[in-house]
Structures are given as C-alpha cells and as structure tokens.
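Written below as structure tokens is the structure these notes are about.
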Amino acid sequence: MAQDVTSESPEALRKELERYHLVVNDLHRKIRELESELQITTAVAEMPGVIVTRPELQQTMARLVSKIAMIVQAEKIMIFLYHAENSELTLLSPALGVTDDQATEIAIKPDQGITGEVYRTGESAIYNDALNDPRVLSDIVSKLRIRNGIAVPLVIKQRDEEERIVQERVIGVAHACNKRYEQEFNQDDLRLLEMLGEQAAAVISNAQLYITLTEEKQRIEDALESIRAGVIVISSEGSIRLMNRATCQLLNLPVDGYEGKQFAKVITSEEILKLLNETFNTHHEQSIEIELPDEQVFRAETSTVAGENGQLSDVVVIFTDITDIRHLERMKTTFVSTVSHELRTPLTSIKGFISTLIDDTEELYDSRTRQEFYGIIDQECDRLTRMISDLLNVSRIESGRALDMQISEINLRKLVRQVLNTQQQYTAEHKLINKVPEDLSTIEGDPDKVAQILDNLVGNAIKYSPEGGQVVVDAMDEGKMVRIDVTDEGLGVPQRHQDKIFDRFQMVDGDTRRQGIKGTGIGLYLVRHLAHAHGGDVKLTWSEMNKGSTFSVRLPKIAQIEQSQE
Ligand code: ADP
C-alpha cells in the first residue's frame, strides 16, 4: 500500500493522509474508551463487597468520588440522595471540592433545578454554561463556583435470575462539575458517569440497607438489654439466640457468652426447663410463676414464633417481676381483714353499751354512769366516722380522682385546739400541748382535710406512745409556707421503715412493740396525699427509738390548687 501512495498524485496523497488521520483518531478514541472502561472496572473492583458501618461507607465514598473525578476529569463530584421523610435531595458526605459547611447547607426539592429534573425524569443532563443555564439553581452554582457539569440519575436496577431488569428506582443524582483543562463535558463523559453512577447506586443502597439493618438490630438488642424483664430467644433446635442481662441476673448466671449454646446446658432451674420442654413438645404457649429464695416472684411465659413455612422457628421466654404485685395483693388481703377488724371494734363497743342501756329497764345504772356510756358511744361513733372518711378518701385517691377541696382561710391555732380537744377524750395518759403561736399567719386550705392531717398525726403520736407522755403540736412561719410539727415521746420509727411508712398499707409489723396497737397502714399515706393536694408535703423529721418522733407538715399560705367544681 505504501508503494501505491508514493506513485499517487499530491491530491490523492493528501486524501489518503486525511483518511489515515481519521483512522488514527478513531484508534485514539477507542484507546481512551478502553482506558476509561479499565479504570471503571478497577474502581468497581476496589469497592468492598459488604459495607457494614457508616465510617466504612464514608471511606468507600471518598475513594469512589476521587476515582470518578479522575476518570471524568472533574474538579467537583457531588452525590445527592433523596430522603422520603422530608422530600429532599441532600448531599452525601464526602463530596469532592465542596466543604462540609457548604454541603450541609444544600438541600434540593425534587421540583428544583437540574438535580430535581434528573431525579424526576431519570434522564442525564449536560450543562456547559452553568452560569447562564436557566435549568440550574443559580445560588448553588454561584456559591460553589460551578462553571459546567454533568448530572446523571443514580438508579437501582432489580434483575431477575436471567439478569433482566424487572424494576428501576432512582435514589439520587450524581454531579461531576468543572472540567479540568478548561474543556467542556461531552457525551463520553456522560456515559462514563452513568456507568460509575450505576455502581455507586448499588454500593450506596446495599450499604444503607445493611447499615440500617445492623443499626436496627443493635437498637433492639440494646433495648432488650436495658429492659427489666428477662428475655430468652431459643431456636427450634434448642440453641440460645439471645439471652438478655436481666435473665442472667434472675437465673444467677454470669452475663454473656450464651449465644449458640443449647438451653438445656445453660439453664439449671428445673421449673424453667420443664416449661421449655413442654413448649417445644406441644408448641403451645405456657406460663408459670417462680418464687426465688430471696422472695422475688417472677412469671415466666413462653410464646412460639412460626417461620415462613409455618413451622416452629423460635421459642421466646419472657420473665416478668411480679414481686410487687404479689406483695400488694398480700398487703390488700391483710388490709381488708385489719380494716374489718378496726371497724368492728367500735361497733362492738357501741352495740355493747346500747344493749346494756336498753336492758337496763330497772335503771340499775345511775345517771353519771349512763352519761359515761353515752360519751363512749359518741366517741366510738366519731372514731367510726373518721375511719370511714379515711377509707373513702383513700379509695378516691386510688381510683385517680382528685380530692374535693373546699378552700377557706384557716386559723391553725384554733384548728389544732379542736383536734387536740377531741383526741384528749381518748387518753388520760398523754398530755396534748398546743404550742401554735397566736400570731401565726392564717393559711388557705380545706379545713376538714387539714384537720384530718392533724387528727392522723396526733392520733398516731398517741397510739405509738403506749407509755403515755407529751404530744406537742408546734407551728412556724417558713416564708411562703407554714410548718406544723407533731412531736411525741413514743416508740420512734425504725430507720429501715422510715422511707416506707408513707406508702399505702405500710405498717411497721412483725414487731413485738406493736402488740395491742391497731392500725390499717393508710393514715400516713392519706396524710401525704392530703398535704400534696394542698401543694405541701409531710416528712418524718426526727425519730429516735424509744425516745419519740416528729412528723412535720408544710402547707402553703396561699392555696396552690384550683377549687373543685364538684
Ligand atoms: P397505722 O394505721 O398502722 O397507724 P399509718 O399509715 O398511720 O398506719 O402509719 C404507718 C406506720 O408508721 C405505723 O404502722 C407505725 O409503725 C409508724 N408510725 C406512724 N406514726 C408513728 C409515730 N408517731 N411513732 C412511731 N411510729 C409511727
């Protein structure tokens, strides 16, 4: 062919040279294409198979964006992802050539700019005159100093077994901006970015799915670890999938390291093993109560989880601490019997004295004795009334209804005097002293309820001083509040009971000192509620065994509650 050329005319030679030139150019283009494809293949091959954490995803993205920048020869690479929660496309970090501050400021709606258009249509775009292109968002372009660029959709392609695409979903948009060496982007660049975009989309969506799942799993595991109930999940083959900290504590086992072990080798409690074996055999949910040596009571309940094929996949055991419920049930039973007893005592006495008076047709008793009988009947009736009123108030509190408050101005010295006069009728061994200063400021409150508070505290002071002694009621000004102290010289409250005595049905029992002292365990519970209902409080401020106690109530001078409409 070379010989032919030399023999041709200059014109023919020139034409031949032009043809050569075209062939060489074509070859150059093909080489460039091959080089790019090679770079893409290397870039893809360098991407890790499974990305498990967010930092790993960040590292991979950092590598990917610089590879893309190199391949399409761009200065800036930005990957936008669509977030359905706020319908926005935001910049995935890291972006190349964009600072983190700039990146956080950029959020684009799907109906905005070229990014929105590419996201909506799924069509790539070239914008070689960014500053004058009406499609682009001018503020972003000028802020980021973008001269030209290309944008491609990030598409997730779902394929069937024969690699046919069955579904496509756009998850975001990738931009390559500012061609280096002052050139413009062309269709070849677009094709390259599309190919890279496809790989990036797959990596991002897989990683995000994986990360979301692992984070979700971690959250569930953390939640299971932190709850008070014990949880064990056992596979159908009997190996432990999960056993939380609460279970380990409950079963008295060291925490950790049970995953994959057979439950029969880990759990030693015969009751629980029986429960599990029954669940595995019958596939029916079971439940038992277990009482531990330290008086803790648990309910263990099993439930079965069916797999996709309907077969047994897991057995879940949940342990709930029902110690408090059982304790409360016991306390309630005791309470009902003590209350019945407490109510019967004054009734028996009333009935006894009335029967005696009725039977005394011959008037064997003189008028002084009769008067005494009437006095006792009267006192016992008052005692019954007070007890019933306490019970009604407790039932009101228990059912969550607000107490009916009738607020008026209270002169505490006068109220204390009334309470002490009534209480003095029941005792000759105690000296009840009213030390409330005459000039103490009045308070706003419900007089009946404040009287009930004082009645309970003074009643207790008498009751828990079986040897007699002084019961002093004092009061003082404390700024916005008034403090009332009820002090006795009685038994005192043992240290370990001091926190509990204000709880319902709590009595310092099992104590020989109580012999002969009757109670229901609702007095202080009620006192606390009544004080709270006024915006005040009650505390045991001093107590020494066999020396006495001081209970202090603080009540606001100005009513802190809304008057009841009932
Ligand atoms: P109770 O009906 O048993 O008196 P309370 O709720 O009034 O119920 O009191 C709870 C417990 O607090 C009592 O059982 C008693 O042991 C203790 N307590 C209350 N007041 C006094 C006091 N002034 N001195 C000693 N112990 C007291």
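In each ligand, atom 1 is the first atom listed, and ligand 1 is the first ligand listed.
Proximity of L491 to ligand 1, defined as any heavy-atom pair under 4.0 Å, is not found for any part of the residue. The side chain of D488, and not its backbone, has at least one atom closer than 4.0 Å to an atom of ligand 1 (non-hydrogen atoms only; side chain from C-beta on). With a 4.0 Å heavy-atom cut-off, ligand 1 is reached by no atom of H497.
Counting atoms of ligand 1 from 1 in the listed order, those under 4.0 Å from a heavy atom of G521 are 1 (P), 2 (O), 3 (O), 6 (O), 8 (O). Atoms of ligand 1 found under 4.0 Å from any heavy atom of F551 (numbered from 1 in listed order, with element): 20 (N), 21 (C), 22 (C), 23 (N). Listed by number with element, the atoms of ligand 1 under 4.0 Å from a non-hydrogen atom of S549 are 24 (N). Listed by number with element, the atoms of ligand 1 under 4.0 angstrom from any heavy atom of K463 are 1 (P), 2 (O), 4 (O).
Around atom 27 (C) of ligand 1, the closest heavy atom drawn from Y464, F502, Y525 belongs to Y464. With atom 6 (O) of ligand 1 as the reference point, the heavy atom nearest to it among L526, T550, L524, V471 is part of L524.
A salt bridge is defined here as a Lys NZ or Arg NE, NH1 or NH2 lying under 4.0 Å from an Asp or Glu carboxylate O, and D477 with K557 meets this definition. Between E329 and K332 there is no salt bridge, since none of the side-chain N atoms of the basic residue sits less than 4.0 Å from a carboxylate O of the acidic one. Salt-bridge check for R219 with E216: passed, with a basic side-chain N closer than 4.0 Å to an acidic carboxylate O. Taking 4.0 Å as the cut-off between side-chain N and carboxylate O, K217 and E221 count as a salt-bridged pair.
Annotation: R326, atom CZ; neighbour count of heavy atoms from other residues, nucleotides and ligands within 6.0 Å is above 12. Under a cut-off of 6.0 angstrom, the local environment of CD in E85 is crowded, with over 12 non-hydrogen atoms contributed by other residues, nucleotides or ligands. Within 6.0 Å of NZ on K539 lie no more than 12 heavy atoms contributed by other residues, nucleotides or ligands.
Not a single heavy atom of G490 sits closer than 4.0 Å to an atom of ligand 1.
Any N or O atom pair closer than 3.5 Å counts here, and V493 shares no such pair with ligand 1.
The side chain to side chain contact (heavy atoms under 4.5 Å, CB included) search around D360 returns L364, Y365, R370, not counting sequence neighbours.
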